[in-house]
There are 2 protein chains.
Amino acid sequence: MSEKQSIKTWPRNVAADFSKLRKSEQTRQIILDTALEFLWSHSFRDLSVAGLTNQAGISRTCFYQYFDDLHNLMEVLLNDLEWEILAAAEPWLIAKADSAVKLSESLYKLVKVCYERGPILLAIFESAPMDERLEKAWNDFVNVFDDTVTARIIQDQALGRAPEFQARPVAIALNRMDIGILIHHFGRDPRSEIQPVYQAIVRIWLNTIYGKETLDTVQG
Amino acid sequence: MSEKQSIKTWPRNVAADFSKLRKSEQTRQIILDTALEFLWSHSFRDLSVAGLTNQAGISRTCFYQYFDDLHNLMEVLLNDLEWEILAAAEPWLIAKADSAVKLSESLYKLVKVCYERGPILLAIFESAPMDERLEKAWNDFVNVFDDTVTARIIQDQALGRAPEFQARPVAIALNRMDIGILIHHFGRDPRSEIQPVYQAIVRIWLNTIYGKETLDTVQG
DNA sequence: TTTTTTTCTGACATTATGTCAGAAAAGCAA
DNA sequence: TTGCTTTTCTGACATAATGTCAGAAAAAAA
């Protein structure tokens with residue numbers, strides 16, 4: 001947090017009207033916003049409490065009134081991101097028919113959200129392994145998708161829409177693929193275009209789940 | 001590095017005959033082996049220079065004679081892992097024909113290597129974002145695969161073996177999928193079985209690259 | 001305004017890092 | 001083996017970032 005930062009692209013929900021909020025709520029928001037802004041253009045490893053509070057114009061000590069430490073702050077950011085992503089994925093998660101189409105729609109929304117929050121997603125992902133609690137929060141979040149996708153695949157298989165294969169490992173793989181590719185393309189400015197990323201993702205999901213041919217030549 | 005560790009499964013190449021090596025080479029190896037053993041059953045975040053040297057039976061200071069810091073040590077472990085993985089992937093990388101078969105073979109070897117070195121792979125992956133040099137080394141490593149896979153896909157497309165689609169984003173996605181799933185299943189003891197993981201990976205790769213149908217319904 | 005409650009801060013304690021000069025050990029030659 | 005040179009190791013020190021706490025300052029309420 002020692003370097004200066006460009007504010008060209010304001011990352012997100014600019015806090016609207018502070019004046020009516022309790023002071024403590026204002027300060028908390030300032031800290032969060034400052035962190036968000038910093039992480040938009042810097043790696044999590046360069047974030048420090050001292051730098052953050054400096055930038056925010058408050059004393060270092062004050063930070064600890066609102067967060068246990070930097071990882072706890074990331075946990076808060078993760079929570080914000082979580083419901084945004086879950087909202088994006090919902091169409092497919094609750095769909096009863098037209099799986100493939102709903103899947104494509106959901107994937108597109110997912111890609112868009114991650115495009116918008118890319119650097120934050122990256123920061124959360126990178127900082128998660130450094131802290132047990134945060135790591136667990138992240139894993140719990142990802143597991144929701146593992147479970148849901150697995151269930152959807154099994155359902156589609158039962159309906160004859162998808163061929164037979166072990167659903168869970170494939171679901172896990174597809175989700176890890178999403179995370180990896182989204183972070184790769186959108187994690188740092190300048191971010192890639194949305195379209196090619198979306199097309200790659202959708203191709204892999206659809207061909208994997210609904211594609212007929214499995215050239216399973218080698219069995220080890 | 002404060003907890004005790006189980007040595008049930010010795011992770012790798014047990015240093016054979018130390019007696020003929022220079023003292024410094026012995027010590028260096030002891031440090032590396034101790035780290036390897038620790039990481040076999042603990043997260044990188046719990047590794048410290050103090051704990052490591054304690055376990056190795058040398059003074060903390062001594063560590064710095066061989067490595068700049070813990071991340072530099074991880075860099076060394078990464079190098080070891082690198083050629084092992086590259087060797088596994090080689091069959092496909094240099095294949096001129098039978099792409100799909102060679103791909104399946106290479107993937108199987110890759111899965112096997114990552115099964116054997118899972119926890120180390122995880123430790124490298126998790127520690128990489130914390131250090132600029134290490135991060136770069138990791139990215140360079142992964143980029144090799146991105147480039148090679150992209151080239152192979154384009155080649156197969158030119159030969160009419162694979163349908164048309166943007167090769168690079170797909171290559172990147174497939175590689176991130178590999179990393180994610182291999183770390184997920186093999187990163188920590190107890191590790192998953194090899195077969196289901198291999199089958200999921202191979203299904204995704206083959207269906208994605210050689211599968212005909214791309215139900216590209218939504219274009220946003 | 002005065003009083004009470006909330007919020008902020010400077011000073012301190014702690015912990016892990018990395019450095020350096022000198023001690024100890026290893027390697028070597030006679 | 002002994003003495004000499006080079007390599008390796010270590011304790012003491014300096015540094016940097018964290019997290020805590022009691023009191024100061026500011027906000028909110030009366």
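Quick note on labels: first sequence line is chain A, next is B, and so on, each numbered from 1.
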Peer 1: Would A/R28 and A/Y66 count as a cation-pi pair here, with the cationic atom under 6.0 angstrom from the ring centre and within 45° of the axis?
Peer 2: no
Peer 1: Checking only heavy atoms, does the side chain of B/S59 share a donor-acceptor pair with the base of D/dG11 at less than 3.5 Å?
Peer 2: no
Peer 1: Does B/Y66 make a side-chain N or O approach to OP1 or OP2 of D/dT8 shorter than 4.0 Å?
Peer 2: no
Peer 1: Is the phosphate of D/dT8, meaning OP1 or OP2, less than 4.0 Å from a side-chain N or O of B/S24?
Peer 2: yes
Peer 1: What integer distance in Å separates A/Q65:CD from D/dA25:P?
Peer 2: 17 Å
Peer 1: Take atom CZ of B/F67 and atom P of D/dC9, then tell me their distance rounded to the nearest Å.
Peer 2: 12 Å
Peer 1: Determine whether the aromatic ring centres of residues A/Y198 and A/H185 are separated by less than 6.0 angstrom.
Peer 2: no
Peer 1: Could you tell me whether the side chain of A/D131 and the main chain of A/L134 form a donor-acceptor pair under 3.5 Å?
Peer 2: yes
Peer 1: Can you measure A/R60 atom CZ to C/dG10 atom P for me and round it to whole angstrom units?
Peer 2: 11 Å
Peer 1: In this structure, how many angstroms lie between the P atom of D/dG11 and the CZ atom of B/F63, rounded?
Peer 2: 17 Å
Peer 1: Please report the distance, rounded to the nearest Å, between CG in B/D68 and C1' in C/dT19.
Peer 2: 13 Å
Peer 1: Quick one: is D/dT20 close enough that its OP1 or OP2 comes under 4.0 Å of any side-chain N or O from A/T61?
Peer 2: no
Peer 1: For A/F186 and A/Y115, take the angle between the two ring planes, folded into 0 to 90°, and tell me which bin it lands in: parallel under 30, tilted 30 to 60, perpendicular over 60.
Peer 2: perpendicular
Peer 1: Just how far, in rounded Å, is P of C/dT7 from CZ of A/R28?
Peer 2: 12 Å
Peer 1: Looking at C/dT9, D/dT8, D/dT18, which one has an atom nearest to any side-chain atom of A/C62?
Peer 2: C/dT9
Peer 1: Hey, is the side chain of B/R22 pairing donor to acceptor with the base of C/dG27 inside 3.5 Å?
Peer 2: no
Peer 1: For A/L52 and D/dA17, what is the distance between atoms CG and C1' respectively, to the nearest whole Å?
Peer 2: 14 Å
Peer 1: Counting side-chain heavy atoms from CB outward, which of C/dT17, D/dT10, C/dC8 is closest to B/I58?
Peer 2: D/dT10
Peer 1: Among the candidates D/dC9, D/dA28, C/dG18, find the nucleotide nearest to the side-chain atoms of B/K23.
Peer 2: D/dC9
Peer 1: How many whole angstroms separate atom CG of A/L73 from atom P of D/dG19?
Peer 2: 12 Å
Peer 1: Does the A/S127 side chain pair with the main chain of A/I124, one donor and one acceptor, at a distance under 3.5 Å?
Peer 2: yes
